[in-house]
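Structure, as structure tokens:
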Amino acid sequence: MGLQLLHRDRLYQIEWEETERRLHVTVLADTSEMTEREMRDAFLLSFELADDFKPLSIIQDSYKQTIVFPPEWQNWIAENVYPRWSRAGIKKLAIIYPA
């Protein structure tokens with residue numbers, strides 16, 4: 001079975017791979033102008049999808065990501081995202097970055 005599209009907007013798309021119980025997150029566009037609100041909204045959506053689909057892993061293709069998150073965003077992610085994903089049962093996270 002292929003990937004099921006769950007969400008798509010100007011910055012990213014999220015797909016579900018049922019056989020592996022995996023979320024695929026793909027950055028679609030230049031993120032240099034991404035706002036903090038957009039970043040948080042993306043992660044809030046990921047929490048909802050984690051609750052709904054119960055994935056075991058996430059693959060995030062950030063090859064097209066151009067923004068470098070400032071330290072305060074990184075702190076918010078460390079304090080909120082990773083613990084929340086862990087509580088949702090996500091065991092593995094792979095992130096693909098540009099070289």
Side-chain angles (χ1 to χ4, degrees):
M1 182 176 204
L3 300 175
Q4 174 189 354
L5 182 63
L6 302 178
H7 175 84
R8 184 178 176 104
D9 63 24
R10 73 177 183 85
L11 294 174
Y12 63 94
Q13 74 179 20
I14 302 174
E15 297 169 295
W16 173 243
E17 183 181 4
E18 177 68 36
T19 55
E20 298 296 325
R21 292 185 52 205
R22 180 179 306 142
L23 287 175
H24 291 255
V25 179
T26 305
V27 175
L28 299 173
D30 177 1
T31 56
S32 61
E33 302 298 320
M34 177 185 249
T35 67
E36 183 176 5
R37 180 78 260 153
E38 287 173 317
M39 179 271 300
R40 287 183 185 223
D41 285 349
F43 283 115
L44 293 174
L45 176 60
S46 80
F47 300 160
E48 292 175 26
L49 294 174
D51 288 341
D52 292 346
F53 288 87
K54 307 290 188 227
L56 296 176
S57 62
I58 296 175
I59 294 177
Q60 180 176 322
D61 181 351
S62 295
Y63 187 78
K64 293 182 181 178
Q65 181 173 316
T66 53
I67 191 170
V68 175
F69 291 157
E72 59 273 12
W73 294 21
Q74 294 175 35
N75 291 338
W76 185 86
I77 291 168
E79 293 169 3
N80 295 282
V81 175
Y82 301 129
R84 179 66 175 76
W85 283 349
S86 180
R87 285 193 305 273
I90 296 167
K91 306 291 183 208
K92 296 179 183 178
L93 171 64
I95 303 174
I96 302 165
Y97 287 110

> If you measure from CD on Glu20 to CG on Leu3, what distance do you get to the nearest 0.5 Å?
Replying inline: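 Answer rounded to 0.5 Å: 11.0 Å.
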>> Measuring from atom CZ of Arg84 to atom OG of Ser46, what distance do you get when rounded to the nearest 0.5 angstrom?
In response: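 Between Arg84 CZ and Ser46 OG, I get 8.0 Å after rounding to 0.5 Å.
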Can you check whether [X] reaches [Y] side chain to side chain, under 4.5 Å on heavy atoms?
X	Y	value
Ile67	Trp73	yes
Arg22	Ser57	yes
Leu23	Ile14	yes
Val27	Tyr63	no
Thr31	Tyr12	no
Trp85	Leu93	yes

Could you report the tightest heavy-atom contact between [X] and [Y], atom names first, then the distance?
X	Y	value
Ala78	Pro83	O-CD, 3.3 Å
Asn80	Phe47	O-CZ, 3.9 Å
Ala50	Ile90	CB-CD1, 4.1 Å
Arg21	Trp16	CA-CH2, 3.3 Å

Is there a path of hydrophobic side-chain contacts, each under 4.5 Å between heavy atoms of I/L/V/M/F/W/Y residues, joining [Y] to [X]?
X	Y	answer
Ile58	Ile95	yes
Leu44	Tyr82	yes
Val68	Phe43	no

> Looking at Asp52, Val25, Leu49, Leu45, which hits side chain to side chain contact (heavy atoms under 4.5 Å, CB included) with Leu6?
Replying inline: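 Output: one option passes, namely Leu49.
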Taking [X] first and then [Y], would you say they form a salt bridge - that is, a charged N and a carboxylate O separated by under 4.0 Å?
X	Y	answer
Glu36	Arg40	yes
Arg87	Asp51	no
Arg10	Glu38	yes

>> Show, in sequence, the C-alpha distance, side-chain angles and deciding distance for Leu11 and Met34, and conclude whether the side chain to side chain contact (heavy atoms under 4.5 Å, CB included) test is met.
In response: CA-CA 8 Å; Leu11 294 174; Met34 177 185 249; 3.7 Å; yes
>> Is it the case that the side chains of Gln74 and Trp76 hold a donor-acceptor pair, with the cut-off being a distance below 3.5 Å and no angle test?
In response: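 No donor-acceptor contact under 3.5 Å links the two side chains.
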> With a 3.5 Å cut-off and no angle check, do the side chains of Gln13 and His7 form a donor-acceptor pair?
Replying inline: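 Their side chains do not contain a donor-acceptor pair, so the 3.5 Å distance test is not met.
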> Are the side chain of Thr26 and the backbone N or O of Asp61 linked by a donor-acceptor pair below 3.5 Å?
Replying inline: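 Judged by distance alone, no pair lies under 3.5 Å.
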>> Would you say CD of Glu72 has more than 12 non-hydrogen atoms from neighbouring residues, nucleotides or ligands within 6.0 angstrom?
In response: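 Correct, the count exceeds 12.
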> Pick from Gln4, Glu17, Gln60: which one makes a side-chain hydrogen bond (donor to acceptor under 3.5 Å, both in side chains) with His24?
Replying inline: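 Checked Gln4, Glu17, Gln60 against His24; only one passes side-chain hydrogen bond (donor to acceptor under 3.5 Å, both in side chains): Glu17.
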